[in-house]
Amino acid sequence: MPHSHRPGLPANDADAAMPEFVPGRTVTVAIRSAVGVAAAITLLGLIVFWPSASTRHASGSTLFPDPPIKARVIDVTSAPCSGTTEADQVPCNFIGLQLNGQPL
């Protein structure tokens with residue numbers, strides 16, 4: 001005949017019913033209150049931060065209002081990242097640019 005045994009219980013208590021955890025009224029009220037407050041704050045945030053018709057734009061032209069800056073890569077140097085040494089073997093690529101004819 002197979003024998004069932006729950007780990008951590010003596011063999012003679014293995015078939016005894018385990019007591020069910022029932023949270024007290026204070027714990028239940030606290031959890032429900034926390035969920036209610038979180039839901040209310042979320043709803044308030046949705047109302048306050050919802051985009052209005054005045055903030056919507058028909059075109060994406062105002063996303064980048066300035067014209068693009070033309071740059072040219074003049075060199076790429078590999079060296080250890082700042083805060084590391086060559087022994088750490090953390091390579092970084094440092095890129096030299098030229099903007100409007102002036103090297104950076």
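Here, residue 1 is the first one in the sequence, and each next residue gets the next number. Only a predicted model underlies this, so the values are computations on that prediction, with no experimental measurement involved.
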K.L.:
What distance separates L97 CG from I95 CD1, expressed to the nearest 0.5 Å?
P.N.:
6.5 Å

K.L.:
Shortest non-hydrogen contact from V76 to V73?
P.N.:
CG2-CG1, 4.1 Å

K.L.:
Of the non-hydrogen atoms in K70 and L99, which two are nearest, and what is the gap between them?
P.N.:
O-CD2, 3.7 Å

K.L.:
Is there a donor-acceptor pair closer than 3.5 Å between any side-chain N or O of T28 and the backbone N or O of G24?
P.N.:
yes

K.L.:
When rounded to the nearest 0.5 angstrom, what is the spacing between CG in L46 and CD1 in I41?
P.N.:
12.0 Å

K.L.:
Going only through I, L, V, M, F, W and Y residues with side-chain contacts under 4.5 Å, is there a path from V37 to L44?
P.N.:
no

K.L.:
Might you point out which heavy atoms bring F94 and A79 nearest each other, and give the distance in Å?
P.N.:
CE1-CB, 3.8 Å

K.L.:
Are there more than 12 heavy atoms of other residues, nucleotides or ligands under 6.0 Å from atom CD1 of I69?
P.N.:
no

